[in-house]
Colleague: 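Mind having a look at this structure? Questions to follow.
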Amino acid sequence: MQAFAYAAPETVQQALDVLAEHQGAGRRAQVMAGGTDLMVQMRLVDGSPRTIVDIKKIAETNRLDVGAKEVYIGAAIAGAVLSASKPLKACFPGLVESIDLIGSAQIQGRASLGGNLCNASPAGDTISALVANAGVCVIASKGGLREMSVESFVVGVGKNALKPGEFLLGIKFQRPAKGTSDAYLRFIPRTEMDIAVAGAGVSVTLDASGTCTAARVAIGAVAPTVIPVPAAVDALIGSKLDAAALDKAGKACSAAASPISDKRGTAEYRRTVVGVLCRRATAIAAERAKENR
Amino acid sequence: MSKTRVETKINGEQMEFLCEPQQSMLDVLRDTLGLTGTKEGCATGDCGACSVMLDGRLICSCLMLAVESNGRQLTTIEGISRGETLHPIQQKFLQHAALQCGICTPGFVVAAKALLDENPNPTEEEIRYHLAGNLCRCTGYDKIIRAVQDAAQTLRGEAS
Amino acid sequence: MSEARDYKVIGTRVVRPDGVDKVTGRANFGADFSLPGMLYGKVLRSPHAHARIKKIDTAAAAKIEGVYAIVTGADFPKVGHEEITGGEGAGDFADLATNVMARDKVVYHGHAVAAVAAQTSAIADAALAAIKIDYERLAPVMDLDTAMADNATLIDERLFTAGLPEKATKPSNVAAYMEFKRGDIAQGFAEADVVVEGTYRTPTVHQGYIEPHACVASINQGGQATIWCCTQGHFDVRSMTSKVLGMNVADIRVIPSEIGGGFGGKTTIYLEPVAMVLSKKSGRPVKITMTRDEVFRASGPASATKCKIKIGAKKDGTFTAMSAWLAYEAGGYKGSSMAPGAMCVFAPYVVPHFLIQGYDVLVNKPKVAAYRAPGAPQSMYACESLIDDLARQLKIDPIDLRLKNAVSAGSQAAYGPKYNAVGFKECLEAAKKHPNYTKKLGPNEGRGLAAGFWFNAGMQSSAEVHINENGTVTVVEGSPDIGGSRASMALMAAEELGVPYERVRVVVADTENAGYNNVTGGSRVTFATGMAVIQAAGDIITQCKQRAAATWGIEADLVDWKDGQAIPKPGVNADVKPLTLAQIAANSGRTGGPLLGRASLNARGAGPGFSINMADVRVDPETGKVDVLRFTAIQDAGKAIHPAYVEGQMQGGAAQGIGWALNEEYIYDSNGVMQNAGFLDYRMPVASDLPMIDTQIIEVPNPSHPYGVRGVGEVPIVAPLAAVANAVRAATGIRIPDLPLSPPRVLAALEAAKA
Amino acid sequence: MAKVFFPDHLMQLTAGVRELEVHAESFRDLVAKLEQLYPGISKLLIGKVAVAIDGDIIHDPFLDPVGPDSEVYFLHRIEGG
């Protein structure tokens, strides 16, 4: 019988070696960043033994780089650190909000962007914002680094595209063009501490005349995975993001949603509210984009 | 099961303990080290009763592996007051009757300290959101918020 | 009897004596206690809501190294039927015994079916996983309508409805029927100009104390046992454990830890007998703590209810008739708080004709326990909602409508007796004058108001007052301190004795070191245990007068006690100096030995408590989310011994009531499995959900208490449900009769109204 | 004579009588008199219900005095939470 073990590799190679060693022997290894989801899953869902591979000591999972062209966020950086980064907030205010919304101040002290993404919950707050900002996953693999869009990284409820032996190193983005900004809104019954009942991440680009020239819309907690909504994008592009366009985009989100009813809300409710969130988030993103011109 | 040896500094004191890899920091604090001031209300990060500071950052000790504390610094409720004097947050909790049963109080005190360390002059809304991860079922939070506001004032050196 | 008095100590906002230990983490709560050689106990719980236990196989679990004991229902004695007369629950010791450990049947998901004691909790977990149980699954009965239907699946085939006018002839899930009536209901409704009615539902909710149940039990080979646990009443833990295990009461010592909240939920037992039997089998002390999941699934929540109310009134608002049909879920065993719910429903009002019918109904949910003013929030939510609608229909201010019908001294309560002095009208008048009643509201905002009531309890308490050799005071009592009652006891002892508060220390002693006390519950501690402390202090004063008289060589009846000193009565010709408590104590060896005052009593005349709550809310018309913007709690405390802790009770009750109104509920799947057994999805209010809660303490003294004290702990949770619901009604124009007013429910109602 | 009031659930034993006047000096005395009038009622009164004498609710009454003008109500026991 396998016992629990803990490894805290300090380099990407060491981490890959630990993972390879365990996977090779048919045992279970699981990557941990902040551990805020993992610890709960071990307690409530599956407490079976495994080797926990803590990736927080690896430099590349802790690197935050807001460059002139590219932005890189290490997978294991705690939310509190990201929220405190002014340059990151200036580039992706909506993304930072989506991180900040996860759990309490205590959770923010540990929870990471990479963890939220790998956990691949349909309600994962950052995932909608990542998709809206065209985030690209940087994956450490035996053969070197490989990249993949966030949309294709999340493949199902709790399932990601990592192959055995791989782990997520970080996420990178193109630095947003002038006149671009984002917003993320979610709905929860309380003001804090809940899982999203529905969420919407929106990024828009406005030209000098205030016309929307590019947009990305992603919605969460209304389908098995976060989904991009091209019909909402179509409704926004070419418009001045007026009430009619926002309404159309919202309706497109409601139409694209295929939610379930559960303890957090009814399908009907989620479908309605995700449209409201899209509308409201787009309006916020538009305001920010104007300031960013 | 093989145990791991961990060296960590808790409340300024160098400590050493053995733990199993899957054990939470909370379980080790309470069961191994006898530091029972840190409470367990849920063990899932939803109540904040187990709040501690790890290298100055507020966390739930139930969501951290004990092995992760190797080489780190932890502050628990037992380390908030030094010597004979209570920390102003503790004094204000007493003065404002900001506790009834008292089970959530250690977590609130630690969380409030983490807030005031970073933000010496928080608004009521900032205090409420910062403390949203600490559940209290007795007080309705009113007197807790007032105690934290008053403690912030004292810590800023203003008369209350 | 109380009269205007100048108090020196009570009514001040002192620091509680146990405070420092609680802000520094030194205070020991239930799970903080450990013993050398102690084992960890865990309970195996039913995965089914309703099933017969066919077979339990513990052989594999017993073989695991480090497992010291395994117990099942077979290890517990058979307990005969005997009514638990303590409170309103009307439970049965036989049910209590099978609730603690199932025998042949499980009646809710999470019902205890076996337990193990092992060297570590990980080994205990492994042992639980190795126990095999064959169940025959039965259809779960999960709500009142299903349970009360004609051909319902029976949870207990031997249960016949008690209290029916005609003896029941076939078994039923309805355990009891109860009826209260006065006058001629038909005539009353015929006299009305307006008749309104409504049906309201409230969900199963939990007290939500932050500290899970925990205990350590240790029993020796002679059958003498000690239990350390967190409880609202260690004497009840002793008596219940002795009944369930067939043990001698005198062989069980219960030592209460500090208690991390109870709200009624820690007035019964779950783990203690299990830990005891495990300790007996293993020969070692055994500790069991519940996880949060277990607390939700397997401790006692509050009843879900369905209430139908009908009110008839004249055009000027005078009530002519009221009727209530109230069904309360009891859980898997009989004994809900239906009776007090029925007694409270019309308690604030003068009603010439009424009919109240109550039903206590079994469902496959955990057996309910008391929750703060048990039964009252549900039925009064229904009635106070309907009164709000009536006020709107009659175009009468909701405060005026209530004032028109409000009870006062001499009014006959719907539950029977005539009230002595009560402060309901005073609360209403204070609400009317309160600045929050006329604050301007914005779009989508609304204001709601509702009344609350609770009887408050008296019952048995005892206390000792010891005077130490330097004149300091130690109060020994037996009521666990959940919310600062040590401070109240010290204040009252200091007031009586005429010494500074700081000279008094209070000990909550265990079952072998304190006289008997009923539970900390029923808002009775400051009233009843406080009365015992006052009387015990009075006993000290009597003794001190005797000691002073002996010292001075005069008769005791010539001595007065004033400001903490014995003095000769005016006109007594004695050339003596006053003797302070400290001087008398220092000399006590020579005057008859240590000073020890005692009192024990069955307190009568707990003054009923009334309240008015006002809520201002904003409703997001697109998401249905309700934000509480302002909340005002006004309550008659009789006399506030420690005003800050009285306010704290009012604020805490408001927060719990707001949670009940807006988001809290047990959510079950079709198999009867609770879907949200954790703080994440049970959704109690967090700090950012609430505004400051404004309080106003009204003091209409209770004539049956020396200081005029009324209980204050329970009333605060009663009014918020309807106050919030009425505010939502005001903001949206729609009455949503079912709680919680969660965003999906509110939005659905808004959409339905639009359509 | 003290006035005694019965709740609905006891009226089966009192043959529908809701209130009556009894001369009694204490609760014990009162219950003894009621038992003479309604054999079997004391079983349902002692330890099973609470009593309100002149508005003061008492659990487990026994020696409590009953005055000539007292009003005595029997009611369900309330403990609270």
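Naming: A, B, ... by sequence-line order, numbering from 1 per chain. This is a predicted model, so every value here is computed, not measured.
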Colleague: Report yes if some heavy atom in the side chain of B/Leu63 is under 4.5 Å from a heavy atom in the side chain of A/Arg110; otherwise report no.
Modeller: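 Counting from C-beta outward, B/Leu63 and A/Arg110 never come under 4.5 Å.
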
Colleague: Considering non-hydrogen atoms only, spot the tightest contact between A/Ser104 and B/Gly133 and give its length.
Modeller: CB-CA, 3.3 Å

Colleague: Counting only heavy atoms closer than 4.5 Å, note whether B/Cys50 contacts chain A via side chain, backbone, both or neither.
Modeller: neither

Colleague: Does A/Lys263, at its NZ atom, have more than 12 non-hydrogen atoms belonging to other residues, nucleotides or ligands within less than 6.0 Å?
Modeller: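 Yes, the 6.0 Å shell around NZ holds more than 12 heavy atoms from other groups.
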
Colleague: Can you see which heavy atom on B/Leu65 is nearest to which on A/Met32, and at what distance?
Modeller: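 Heavy atoms only, the tightest pair is CD1-CE, 3.7 Å.
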
Colleague: Please find the pair of heavy atoms, one from B/Cys62 and one from A/Met39, that lie closest to each other, and give the distance.
Modeller: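 In terms of heavy atoms, the two residues are closest at O-CE, 3.4 Å.
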
Colleague: Rounded at 0.5 Å granularity, tell me how far CG in A/Asp37 sits from OG1 in B/Thr44.
Modeller: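 Taking CG in A/Asp37 and OG1 in B/Thr44, the distance rounds to 11.5 Å.
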
Colleague: With a 4.5 Å heavy-atom cut-off, do B/Glu20 and A/Phe4 have their side chains touching?
Modeller: no

Colleague: Any idea which heavy atoms bring A/Met193 and B/Gly45 closest together, and the distance?
Modeller: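 Answer, listing the atom of A/Met193 first, then B/Gly45: CE-O, 3.9 Å.
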
Colleague: Is it the case that more than 12 heavy atoms not belonging to B/Glu118 sit under 6.0 Å from its CD atom?
Modeller: no

Colleague: Could you check whether atom CD of B/Glu7 has more than 12 heavy atoms from other residues, nucleotides or ligands sitting under 6.0 Å from it?
Modeller: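 Check passes, neighbour count above 12.
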
Colleague: Which region of A/Thr51, side chain (C-beta onward) or backbone (N, CA, C, O), has a non-hydrogen atom less than 4.5 Å from a non-hydrogen atom of chain B, or is it both or neither?
Modeller: neither

Colleague: Is B/Ser24 in contact with chain A via its backbone, its side chain, both, or neither, using a 4.5 Å heavy-atom distance?
Modeller: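 It is both, since atoms from each part get that close.
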
Colleague: Of all of B/Ala43, B/Gly107, B/Ser51, which one pairs up most often with chain A through heavy atoms under 4.5 Å apart?
Modeller: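 The option with the most such pairs is B/Ala43.
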
Colleague: So B/Asn134 and A/Gln106, side chain to side chain contact (heavy atoms under 4.5 Å, CB included) or not? Walk me through it.
Modeller: CA-CA 9 Å; B/Asn134 292 81; A/Gln106 286 86 339; 2.8 Å; yes

Colleague: Where on B/Met53 is there a heavy atom nearer than 4.5 Å to chain A: the side chain, the backbone, both, or neither?
Modeller: neither

Colleague: Under a 4.5 Å heavy-atom cut-off, does chain B meet the side chain of A/Leu38, its backbone, both or neither?
Modeller: neither

Colleague: If I take atom CD1 from residue A/Ile107 and atom CG from residue B/Asp46, how far apart are they, to the nearest 0.5 angstrom?
Modeller: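 Between atom CD1 of A/Ile107 and atom CG of B/Asp46 there are 7.0 Å.
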
